[in-house]
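A quick write-up on the structure given underneath.
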Amino acid sequence: MMKYSFALVITLCMGLGHAQKFDGLAQTPPMGWNSWNKFNCDVSEKLIKEIADAMVASGMKDAGYQYIVIDDCWQIDRDGNGKIVADPERFPSGIKALVDYVHGKGLKFGIYSCAGTKTCQERPGSHGMERIDAKTYAEWGVDYLKYDWCFTEGIEPIAAYTAMSEAIKEAGRPMIFSICEWGLSKPWTWARDVGHLWRTTYDIRDWYDGEINGNFLGWSIILDKQVGLEKYSGPGHWNDPDMLEVGNGRQTNTEYKAHFSFWALLNAPLIAGNDLRNMDANTIEILTNTEVIAINQDQLGQQGYKIFDYGDSEVWCKNLYNGDYCIILFNRASSRQQVAVQWEMIAPELAADSFALRDLWKHEDLGDFKYGFNAEIPSHGAKMIRLKKRYKH
Ligand code: GLA
């Protein structure tokens with residue numbers, strides 16, 4: 001008897017603790033593409049197919065990108081049974097056929113909905129319809145759901161995201177659950193068992209800095225808002241500082257490299273947001289830099305953090321699985337300047353160590369350095385280096 005009730009208690013506890021998300025997914029930050037940053041509501045099956053083709057042809061699939069995520073505006077209505085209906089003009093073959101096409105390329109498919117009564121672009125939301133929607137996505141073969149937070153007056157975030165997470169689990173198809181609540185209720189404090197990633201801020205824009213009404217943010221402003229969130233990120237549960245803007249045209253190549261460097265260091269999902277069909281060589285070089293991607297996908301899953309702030313220049317660090325470190329030297333000033341790191345900033349006991357340095361953008365070994373390293377960095381630029389310990393003094 002004792003034995004049975006003990007087993008029952010264990011089962012119940014496990015049931016309660018892990019009632020929601022699919023475990024085992026997103027053990028490293030998800031990589032893929034999302035339609036929103038570049039195309040907004042201008043989405044169609046033609047576009048999504050061409051993007052899937054381009055993801056393979058450009059080498060992005062080989063570099064690790066996997067998910068093709070269609071954001072807002074694919075949906076138009078619900079049918080008499082409450083089932084969500086895709087815009088028949090833009091998706092004449094239906095979503096299932098599109099998912100099959102994407103799967104046929106060896107890629108995975110993501111979709112978008114909203115915890116509110118409507119999506120942000122006023123399409124039907126999933127509030128109260130979580131089960132039927134999750135079931136529909138599962139039937140279609142969807143692998144990833146981004147779930148937004150518009151039109152949620154009177155709705156409680158933990159309950160709303162838990163309801164969808166449970167509905168996905170019940171529908172039975174493993175899906176990454178991407179919580180897009182903009183950080184309002186500090187999802188890093190409650191979402192670990194509910195979703196696989198959570199947005200930490202409002203929306204990114206294709207700017208280095210700048211901010212409109214606190215709603216649209218340049219990436220360096222988003223970067224500042226990640227300080228202190230490091231401890232909440234890890235395998236299966238990531239902070240999401242929003243999708244990439246690399247290649248969308250409003251920043252310099254130096255700024256895009258810095259943006260990508262930081263998103264890699266922060267364990268951000270690497271979700272490209274540009275037109276993959278028309279990428280210039282610089283954009284492809286950034287998005288497929290496998291040495292930088294390896295920092296993001298490092299199996300330790302420990303988010304990078306700021307170790308020194310001189311105002312206009314900063315030093316950031318990420319600890320890696322094999323004992324290496326990744327360092328970013330960042331220049332926020334409007335002109336070139338020297339930025340320096342001393343190994344003791346990483347940890348006092350490393351002060352007099354020697355490290356072999358590798359420049360992850362030049363793909364070049366820089367030699368052995370004792371005590372520290374400094375370099376001249378262009379305005380808004382980031383030097384990203386990998387440190388391998390050589391010997392201790
Ligand atoms: C919100 C989200 C964006 C995008 C749009 C779509 O603003 O934060 O990422 O999904 O909605 O309408």
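Every number for a ligand or one of its atoms is a count from 1 in the order of the listing. Note that the structure is a prediction, hence the values are computed from the model and not measured.
Figure legend: cation-pi geometry between Lys169 and Phe22, with NZ or CZ positioned under 6.0 Å from the six-membered ring centre and within 45° of its axis. For the pair Lys21 and Phe177, the cation-pi test (distance below 6.0 Å, angle within 45°) is failed.
Residue-level proximity to ligand 1 for Asp148 is carried by the side chain, the only part with a heavy atom below 4.0 angstrom. At a heavy-atom distance under 4.0 Å, only side-chain atoms of Trp182, from C-beta outward, approach ligand 1. Contacts of Cys73 with ligand 1, taken as heavy-atom pairs under 4.0 Å, are absent altogether.
The atoms of ligand 1 that sit less than 4.0 Å from any heavy atom of Gln121 are 12 (O). Ligand-side atoms of ligand 1 in range of Lys146: 3 (C), 4 (C), 9 (O), 10 (O), range being under 4.0 angstrom from any heavy atom. In summary, the atoms of ligand 1 found under 4.0 Å from a heavy atom of Cys180, numbered by their order in the structure, are 2 (C), 8 (O). Residue contact check: Arg199 has heavy atoms under 4.0 Å from atoms 8 (O), 9 (O) of ligand 1. Near Trp36, with a cut-off below 4.0 Å to any heavy atom, the atoms of ligand 1 are 4 (C), 5 (C), 6 (C), 12 (O). Counting atoms of ligand 1 from 1 in the listed order, those under 4.0 Å from a heavy atom of Asp72 are 6 (C), 12 (O). Less than 4.0 angstrom separates some heavy atom of Cys120 from each of these atoms of ligand 1: 1 (C), 11 (O), 12 (O).
Placement of Tyr112 and Trp140 within a single hydrophobic cluster is found when ILVMFWY residues are connected by side-chain heavy-atom separations under 4.5 Å, directly or transitively. Cluster annotation: Trp182 and Leu145 are assigned to the same hydrophobic cluster (Ile/Leu/Val/Met/Phe/Trp/Tyr, side-chain heavy-atom contacts under 4.5 Å, transitive).
Any N or O atom pair closer than 3.5 Å counts here, and Asp203 shares at least one such pair with ligand 1.
At the shortest separation from atom 4 (C) of ligand 1 among protein heavy atoms lies Asp71 OD1, 3.5 Å.
Remark: Arg131 engages Glu170 in a salt bridge, criterion side-chain N to carboxylate O under 4.0 Å. Here Asp53 pairs with Lys105 in a salt bridge; the nearest charged N to carboxylate O distance falls below 4.0 Å. Ion pairing of Lys186 with Glu181 is absent here, as no side-chain N (NZ or NE/NH1/NH2) approaches a carboxylate O to less than 4.0 Å.
At least one heavy atom of Tyr112 sits closer than 4.0 Å to an atom of ligand 1.
Cysteines Cys114 and Cys150 have SG atoms no closer than 2.5 angstrom.
Outside the 6.0 Å centre-distance limit, the rings of Trp316 and Tyr305 are not counted as a close aromatic pair.
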